[in-house]
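Worksheet: one structure, shown below.
What's counted below: heavy atoms across the whole structure, side chains too, no hydrogens, waters or symmetry copies. Naming convention: chains lettered A, B, ... in sequence-line order (proteins, then strands); numbering from 1 in each chain.
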Amino acid sequence: CSYFGVYKRDIPQGNLVTAGMVEQLRPGMTRDDVVYVMGRPLLEAPFDANQWDYVFRLEEAYGDVEQRRVTLTFAGNRLVDIQREGDLEQGIEMRPSDSIGPQVEGTEPFSVNPELQPE
Amino acid sequence: QSFEVSDIRVEGLQRVSAASVFNAFPVSARDRVDDRELAEATRSLFATGMFEDISLARDGDVLIIQVVERPTISRLNISGNSQIGDEALRQGLRQAGLAEGEVLQLSTLEEIQRELEGVYQGQGRYSASIETSVSEIDEGRVQVDVTINEGAVARIRQINLVGNRDFDDDTLRDVFELNDRPGRLFGWFSQDEYSREALAGDLERLRSFYLDRGYVNFNVDSTQVSISPDKSQIFITVNLNEGRQYRIGDVRFVGDLQISEREARDLLAVEPGQVFSRSDVTTSSEALRARLGAEGFAFASVDGIPEVSVDGDAVDLAFRIDAGRRAYVRRIEFVGNTTTQDEVLRREMIQLEGAPASTESITQSRQRLERLGFFREVDVETRPVAGEPDKLDVTYTVEEQPSGSVSASVGFSQSAGVIYGVGLSQSNFLGTGNRVNVGAQRSDTFTSVNFGFTDPYWTLDGISRGYNFYYRETDYEDSDISTYSTDAYGAGINFGYPINEITRLNFGAAVEDLTIKTYRDTAQEIQQYVLDQGEDSQALKLTASWTRNNLNRGIMPTAGNYQRLSLETAVPGSDAEYYKVRAQARQLFPLNDNQDWALKFSGEVGYADVVGSDPYPFYENFYAGGLGSVRGFTANTLGQLTTPPETGGRDRTMGGNVLMQGSAELLFPLPFIEDRRSLQTSLFLDAGNTFLTSCYDVPDSTPSSCSSGVDLGDLRYSVGVGLSWLTPVGPLTFSVAEPLNDESGDDTQFFQFSLGQSF
Amino acid sequence: CAGNKVEPQYPPKALSNFEERAELASVWSQRVGHGLGRANYPIAPSRDGDTLFAADERGRLAAFNADDGDRQWQVDLDVPVSSALTAVAGDIYLGTRNGEVLALNQRDGSVRWRARVPSEILAAPQPNQQLLVVQSVDGSVTALDRASGEERWSYSANRPSLTLRGTGTPTVIDPVTFAGFANGRLVTLDNRSGQPLWERRIAIAQGRSDIERLVDLAAQPVLAPDGRLFITSFNGRLASLEATRGEPLWAIDYSSYHTPVLVGDFLFAVNEAGHIHALDANNGSEIWRNTALEGRSITSPAFADGNLVFGDFEGYLHLINARSGEIVGRHRVDHSGISVRPITEGRRIHVLADDGSLETLDIQ
Amino acid sequence: CASNGATQEEDDEFAGVAERELYEEARGSLERRNFTAAITRLEALDTRYPFGNHAEQAQLELIYAYHESGDWEASRAAASRFIRLHPSHPQADYALYLRGLSSWQAGRFSLERLKLIDISKRDLGASRDAYTDFSELVRLYPSSQYAPDAQQRIVYLRNLISRHELHVADYYLRRGAYLAAVERGRWVIENYPEAEASRDALAVMVEGYLGLEMRDRAREVLEVLIDNAPRHDQLRGRTFEPRHVSAQSLSA
């Protein structure tokens, strides 16, 4: 992390989708089979229940943004179309948050009081 | 044969309303009924439990229901119970149907008697007896008396362990909480009272004792509990079979591990060859589960299965891992924050909505909420979303507590005398998470008013911004500082942000207008300075600081270290252009594992100088001596002495533009003080002084005793005992110190104390 | 203040005065180690021929000449002795609270063999020609070879969750063993195999609490020479059975945990309250009763020279005339109390007090 | 120990009093708005004559007395008990209405009236319970005399709850958790479609999708926003200006 930059954390959003999962999908599968492989999508299409968006976005604290998306279209209960965007091959390296993070300004109790006498 | 009911009459009603009878009796006028239906109807009326007896009669086609009402209990007296509280007992009885206002059913009375005796037996009170009696108050209403004789608990006379070879009776008996001797303090805390649950608990402790030492096949074959004929003594015999001690064979993982095997092995607390221990296996499984939780597998389950290998002296360990589905957090809700805004809590969250769930982040987020200091209690609960098993809803329940104070205080500090102060400080102003503090202090030597506002989250990443405004009027007429005073007012703005978990940077700018006031016996150096530089000065000061706080606690730390580097400059254009650098460091070394003995080294150096040829402004000098500096010397009296005016007056110091001070302390615990966190005592060696790199001018003819330059020989030393105690009113610090090398001019003080300020 | 001292069901009666007809004269007195210990183990002494053997709870065993009390030898076995001693045919048998059985030599107390049974042993091991039958607290009866200590067979009965302190003592003859258990049943075992021949329920558990459901057969079945068996039970009945097939002869409601004494057609028994009854052995009808020692935790009765002999919790020895039921003699042995049955031989009575003091008296 | 079998004297105060007399006294206290006296008598009536003629009426008046004396919790509890015991009672709608009113009062804030704090930014707590009670009342007893008032309160509460959701959505947009913001917007549209805040919810979803670089989804939602709220402040004609997300504006 840059020496003087503000302490930041990664911002992960959405379903962790990998190429391995998507390869297991076959048109004609039922919605339940899809859920068994991919899990349930966090982001259903706004007004069309037949489209599921599996989106994953990772804004790294000090790195760049990685974005991937798989949109599945169903006809009734059957999977008919698979769209892919972004690089699904690369493994997702989720850094577990190792520490509780910095103290919020001013919540240190009694540590150092402003001196009453003059400097 | 059936007949048509022309009308129904009810006889024998006292307190039950006819309406209740009719809507519980499924037959109404003009129904055609036969005997079977009537019997059926009577049974359902009886089922309401309101009547002792119901009989039907016919007067022509009119059906007459004769009822005898069951009395209702109008008063229930319970006496003689002390082991089971009144409230708990009434609650239990109410559930069993015995309560005031309820209908009395004799069958429930017996059942309650049996149940209560069973409860007392479970507590080892075998000689307990319960009598119940019913007395009529007036027709239809009764009083029920339940008298309990709890009897005494049978005392355990002997616990006998049979079959233990590798561990003797005494070691095993220490594992037991039950004891076969009355407590030492005349039986007050005796654990020799028998109860079934206590024995079951002890057997479980015995099992864990053996399983933690490699006895995989340990088993309690049977336990016998027997009682003396006079029912006062209990004898417990435990027949156990130790089996052999096993060492761990090979350790393997079964199931989809989700993390690298190397990393998984590092997390384990067990390795091959080590003596098998169940608690190690549990800690290892827990560590693995937590790691998977952090990976987003909130529903992961890990259990370590020992398999005794056929050759018999090693036990193999298989960690069976079921990572379960990766879980995501759908919604995070906060409950109980009726004053604190939602965003003030949400911005502390490490776990985000619509993101993989991490049990670690969820727990750490709770800790961050607790660290804010706004809540007395913070609980977190995760629940799967109905119908979507891999989604979680997280709810944080908080209990708010007043997070600030409105104070009117009377403080005392030797250097400033009695301080009257009034202040409002709120760290969660109107629930916005902003800090507001307004303070006014009035004492003999100074008056000050200050106002401060800080928004810790000026930006979402935690860059804080704060303003402050202050007005200060000081008069050192009779205090120990040289006899002049400065009035000042100013305002400043300050930004701060963390660059990692323990380090913060702060930048600020402030403008200040300062006026020097001199008096009859003001030191000549000062009068000369005012002559040369004038008494009024404006300055624009820029400040920057780097703070790294790795102490284990905010209050009374016992381990870790702390460094702080700060720079203050008055930029060109200000009347006096100077810079001031200050470096502080503290390092603590705990000497024992519960950290009540520790070595503490702290030091501070400061250097200030002017840009250009003007003299360094004396009112910005460093001072030394007193609490927080060199104890045993009066506050702010260490440094070069000033030359008094011809008309006489005490010679005092003006501080110096170089500061060196430090101390080495041994923190030791006071006996029989449990709460180490709010009281700390120490033996200390302090050292320090201020120096002047160049002396101040004096009117030409007057002799000046000042000698410029830093001379380590001038450092003053003292040894003594210090105590700091966090009282409800505020931190109290005091010390008793003996100066070691004080010289004639020094102003020493054996006993020093201060309330309301921690050092 | 919840009165943590258990009020006894039968508060002890004070000693009443009586007309002394049998005078008790002390012959000799000795001491055996520290006595029965905190748990008051029933370590009764045993006499074989002219030697009296006694032990204490820490494993000290001593042999005394029955006439003059001379201590012939003394050993420290360093085992926690917990059962009464059995001295017979050159051997001494005893049990410990760790489930160990020891066979020792009467000559010098040296250990001949050691064996192990499943749990704590409170009843004296019972020998016959080939076997040594040991009953342990976990409800099992184990038969060991008397010469080598090897286990021949073992039988175990189910046990209620709460039992009375102390187990039954088996009565062993060559063909069979009669054993009473905590579940209220008397079982007769074939000594060849340990298989039960017949079983009779002496006491039936009723009532709500564990206390009311106590039905232990905590005494020893008394076998009369003519083949009649008498057995007492707690909260149950005193029954007389025909020994070969266990046919019940008579039974009366009687709660006792003491072994009765059969003298001719008189059966002397003590109930849980400490009342002493003389019964007709043929039909169980009561001949006389004496309730003067109620609540004094008296020992099982012994018989000497026409008198019944009892010790009590204050260390008094009482003589009651077997015919009249009157108290005829009293002598205080020791303040620590007497809880094991005195040993009698003709006019001589050997008494071991709880603190290990051993006294021998003669009835004048 | 002191034996705690002390005889409770004060209960006998109503011992001799018949059921009818006790009920008359209670009604009297209610008229005089002396609620504490009314409560003690109504409670005595309830324990003494649980099946008497006045039992149901007494329980109803007990709910009212608790409510008037400001004991919101007790009033809610008494109302729930009444509804459970007498579901088909003709005045069950009155009990449900009182329960809603008690939660409504519990949710209000003195500071709220002073406009010092915006309670939609905080834990709504009791206001949520009030919303469910009034909705149930309108659903079960549409023709009840209390339905119109309940309907008005529902509208106010619905806005309060949906504004709370939008505050959270706004935070997540600023924080960069765009998917979270979209889902918060969807929650308002699905659960509180009629609330006027649902237009802002659409705007939040558009901006969230822009953050997720899903311009196709953003356009789908934009069209619905334009149909429903052409004059929305983030709309310039048919182009949407994101407020927090750094993405170009989007036009339908």
Side-chain angles (χ1 to χ4, degrees), chain B residues 80-83 110 113-118 120-122 124-130 149-165 169 180-182 187-188 190 192-194 196 221-241, chain C residues 1-12 37-41 80 82 96-100 116-122 136-140 156 159-167 182 207-214 216 218 234-235 255-258 272-274 295 297 313 339:
Chain B
N81 60 321
S82 72
Q83 286 305 322
E110 268 100 39
Q113 223 165 327
R114 186 172 325 105
E115 231 170 81
L116 273 181
E117 272 169 10
Y120 280 117
Q121 305 260 329
R125 295 178 166 281
Y126 285 103
S127 50
S129 68
I130 286 119
N149 162 3
E150 291 180 332
V153 183
R155 297 223 165 278
I156 300 173
R157 191 68 178 171
Q158 214 228 358
I159 301 176
N160 179 24
L161 300 169
V162 178
N164 48 329
R165 284 187 318 280
D169 286 357
D180 53 13
R181 298 257 180 308
W188 262 101
S190 59
D192 63 349
E193 291 180 358
Y194 168 74
R196 255 193 290 269
D221 295 345
S222 67
T223 355
Q224 281 83 47
V225 177
S226 48
I227 190 163
S228 58
D230 69 0
K231 306 196 180 69
S232 70
Q233 294 177 346
I234 291 270
F235 299 81
I236 301 176
T237 308
V238 178
N239 308 312
L240 50 89
N241 174 349
Chain C
C1 59
N4 49 24
K5 196 70 205 76
V6 177
E7 303 82 20
Q9 209 172 358
Y10 305 99
R38 226 182 100 73
N40 229 6
Y41 280 103
S82 60
T96 77
R97 64 179 166 85
N98 283 344
E100 238 188 325
R116 185 164 278 285
V117 292
S119 184
E120 184 177 29
I121 305 163
L122 297 176
S136 52
V137 165
D138 63 334
S140 59
S156 69
R159 287 174 42 280
S161 61
L162 181 70
T163 66
L164 202 61
R165 176 63 178 169
T167 65
R208 287 193 297 264
S209 66
D210 291 353
I211 290 270
E212 284 154 354
R213 301 182 65 79
L214 285 172
D216 297 47
F234 191 70
N235 268 349
S255 167
S256 161
Y257 49 88
H258 287 304
E272 105 186 43
S297 311
F313 76 110
S339 49

Taking the side chain as C-beta and beyond, is there a heavy-atom pair between B:I236 and B:N160 under 4.5 Å? no

Does a side-chain N-to-carboxylate-O contact under 4.0 Å join B:D230 and C:R165? no

Please classify the contact of B:D169 with chain C as side chain, backbone, both or neither, using a heavy-atom distance under 4.5 Å. side chain

Residues two or more places apart in sequence or in another chain: which of them pass side chain to side chain contact (heavy atoms under 4.5 Å, CB included) with B:E110?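 Listed in chain order: nothing, the list is empty.
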
Run the side chain to side chain contact (heavy atoms under 4.5 Å, CB included) test against C:D138 and tell me which residues pass, sequence neighbours left out.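 Scan of C:D138 (side chain to side chain contact (heavy atoms under 4.5 Å, CB included), adjacent residues dropped) gives B:S222, B:Q224, B:N239, C:P118, C:S119, C:S136, C:S140.
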
Need one label for C:S297: side chain, backbone, both or neither, based on atoms under 4.5 Å from any heavy atom in chain B.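 Neither part.
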
Sort C:R97 into side chain, backbone, both or neither according to what part of it lies under 4.5 angstrom from a heavy atom of chain B.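 Contact with chain B: backbone and side chain both.
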
Out of B:Q158, B:R196, B:Q233, return the one with the most heavy atom pairs under 4.5 angstrom to chain C.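 Winner by heavy-atom pair count: B:Q158.
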
Looking at C:R159 and C:A182, would you say the former's side chain and the latter's main chain have a donor-acceptor pair under 3.5 Å?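 Looks like no, no N/O pair under 3.5 Å.
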
Between C:N98, C:N40, C:L164, which residue shows the highest count of heavy-atom pairs closer than 4.5 Å to chain B?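 Maximum pair count with chain B is reached by C:L164.
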
